2 protein chains.
Amino acid sequence: MQISEVAKEFGLTTDTLRYYEREGLIGPIAKGKNGTRNYTEEDIKRIQFVKCMRAAGLEISFLKRYIKLFEEGDKTVKERRKILVEQRKILKEKLDAMQEAYNRLNYKIDLYDKNILDKKLM
Amino acid sequence: MQISEVAKEFGLTTDTLRYYEREGLIGPIAKGKNGTRNYTEEDIKRIQFVKCMRAAGLEISFLKRYIKLFEEGDKTVKERRKILVEQRKILKEKLDAMQEAYNRLNYKIDLYDKNILDKKLM
DNA sequence: TATTGACTTGAAGTAAACTCTAAGTGATAT
DNA sequence: ATATCACTTAGAGTTTACTTCAAGTCAATA
């Protein structure tokens with residue numbers, strides 16, 4: 001699979017894919033004899049993971065660190081678990097904050113729908 | 001209430017509060033005779049709203065637009081409702097993506113806890 | 001009275017995550 | 001054969017949201 005196809009499938013740009021590779025989040029991707037990238041199924045799975053975590057707001061620096069540990073093998077299992085738990089906590093807090101904002105938006109839209117125009121901003 | 005107290009209450013810096021004011025998200029805050037800001041209860045409520053929405057990832061530019069419309073009065077009600085619905089949609093998509101990442105993290109941590117060390121990254 | 005601490009300003013600086021540019025290569029369509 | 005198109009690189013530029021800086025004011029305390 002070549003870069004533009006992968007980009008299309010994931011809704012990323014080719015620039016972003018090359019950027020992730022530069023940063024060590026994916027790859028290095030094997031290249032054909034003309035120098036173009038050929039993404040394997042393994043590469044695709046990695047991109048899936050990275051995309052999911054990025055969409056959740058996890059930082060590139062964290063993903064870099066986690067992937068590096070993973071590549072260092074079994075001896076890093078304990079540390080990997082630890083940072084996953086860390087990230088889960090951060091993510092949970094964000095989720096809760098977002099849920100609160102979501103509820104607030106719902107409430108306000110509901111007021112608009114009922115034509116209750118109070119003079120409060122929110 | 002003066003700026004440092006407000007900052008402390010909301011876990012923001014005084015710089016951020018002045019920045020929000022510059023951008024028109026809050027205030028203009030009334031100043032005492034020595035030129036320092038005095039935040040009213042109204043100001044505090046506005047900051048609460050802004051903080052909640054920012055924590056959910058809504059952009060400054062959106063908040064600016066919404067607040068401007070609000071200040072233009074009842075004639076902007078329709079447009080306000082429209083952009084709230086827009087933002088709610090964006091927020092919902094983010095929430096879902098984050099929930100997915102959260103579940104994935106949970107699943108992986110669970111594997112670590114059970115000492116099932118598969119060789120997959122995620 | 002001198003110094004400390006919190007405040008003020010406008011403007012410049014920073015971090016994260018892309019995004020774009022310029023210059024070039026190689027395979028395919030006219 | 002020539003033009004078009006997708007790809008390559010290194011490196012510069014952009015956006016968003018702050019954050020820091022430099023220089024100054026004012027009130028209170030040692």
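In this text, all values refer to a predicted model and were calculated from it rather than measured experimentally. First the proteins, then the strands, lettered A, B, ... as listed; each starts at 1.
In terms of position on DNA chain C, the residue among N34(A) and K31(B) whose nearest nucleotide sits closer to the 5' end is K31(B). Remark on DNA chain D: of its neighbouring residues K33(B) and G57(B), the 5'-side contact belongs to G57(B), judged by nearest-heavy-atom nucleotide.
Contact between the side-chain N/O atoms of Q2(A) and the OP1/OP2 oxygens of dC7(D) is found at a separation under 4.0 Å. Remark: S61(B) is not in phosphate contact with dT16(D), judged by side-chain N or O atoms under 4.0 Å from OP1 or OP2. Between R37(B) and the phosphate of dT8(C), there is a side-chain N or O to OP1/OP2 separation shorter than 4.0 Å.
The pair K45(B)-E41(B) fails the salt-bridge criterion, with no side-chain N (NZ, NE, NH1 or NH2) lying under 4.0 Å from an Asp/Glu carboxylate O. Between R46(B) and E71(B), at least one side-chain nitrogen of the basic residue sits less than 4.0 Å from a carboxylate oxygen of the acidic one, meeting the salt-bridge criterion.
Computed from coordinates, the L17(A) CG to dA6(D) P distance equals 16 Å when rounded to whole Å. Between the C1' atom of dA6(D) and the CD1 atom of I29(A) lies a distance of 17 Å, rounded to the nearest Å. For R22(B) and dT9(C), the CZ to P distance is 9 Å, given to the nearest whole Å. A straight line from CD1 of I3(A) to P of dT19(C) spans 14 Å, rounded to a whole angstrom. As a whole-Å value, the separation of M1(B) CE from dA6(C) C1' is 16 Å. Following rounding to the nearest Å, K64(A) (NZ) and dA17(C) (P) show an atom-to-atom distance of 9 Å. The distance between atom CG of D15(B) and atom P of dT14(C), rounded to the nearest whole Å, is 15 Å. Rounded to whole Å, atom P of dG10(C) lies 16 Å from atom OH of Y19(B).
Nucleic acid contact class of E23(A) (heavy atoms, under 4.0 Å, all strands): none. If you check every strand for non-hydrogen atoms under 4.0 Å, R18(B) touches a base.
With distances taken from any side-chain atom of T36(B) to the nucleotides dC7(C), dA17(D), dA17(C), the minimum falls on dC7(C). Residue Y20(A) has its side chain nearest to dC18(C) when only dC18(C), dA17(C), dT9(C) are considered. Closest to the S4(A) side chain, of the nucleotides dT8(C), dT9(D), dA6(D), is dA6(D).
No option in E86(B), E93(B), Q87(B) other than E93(B) meets the side chain to side chain contact (heavy atoms under 4.5 Å, CB included) test with K89(B).
A donor-acceptor contact shorter than 3.5 Å links the side chain of D43(A) to the backbone of T40(A).
More than 12 heavy atoms of other residues, nucleotides or ligands sit less than 6.0 Å from atom CD of E72(B).
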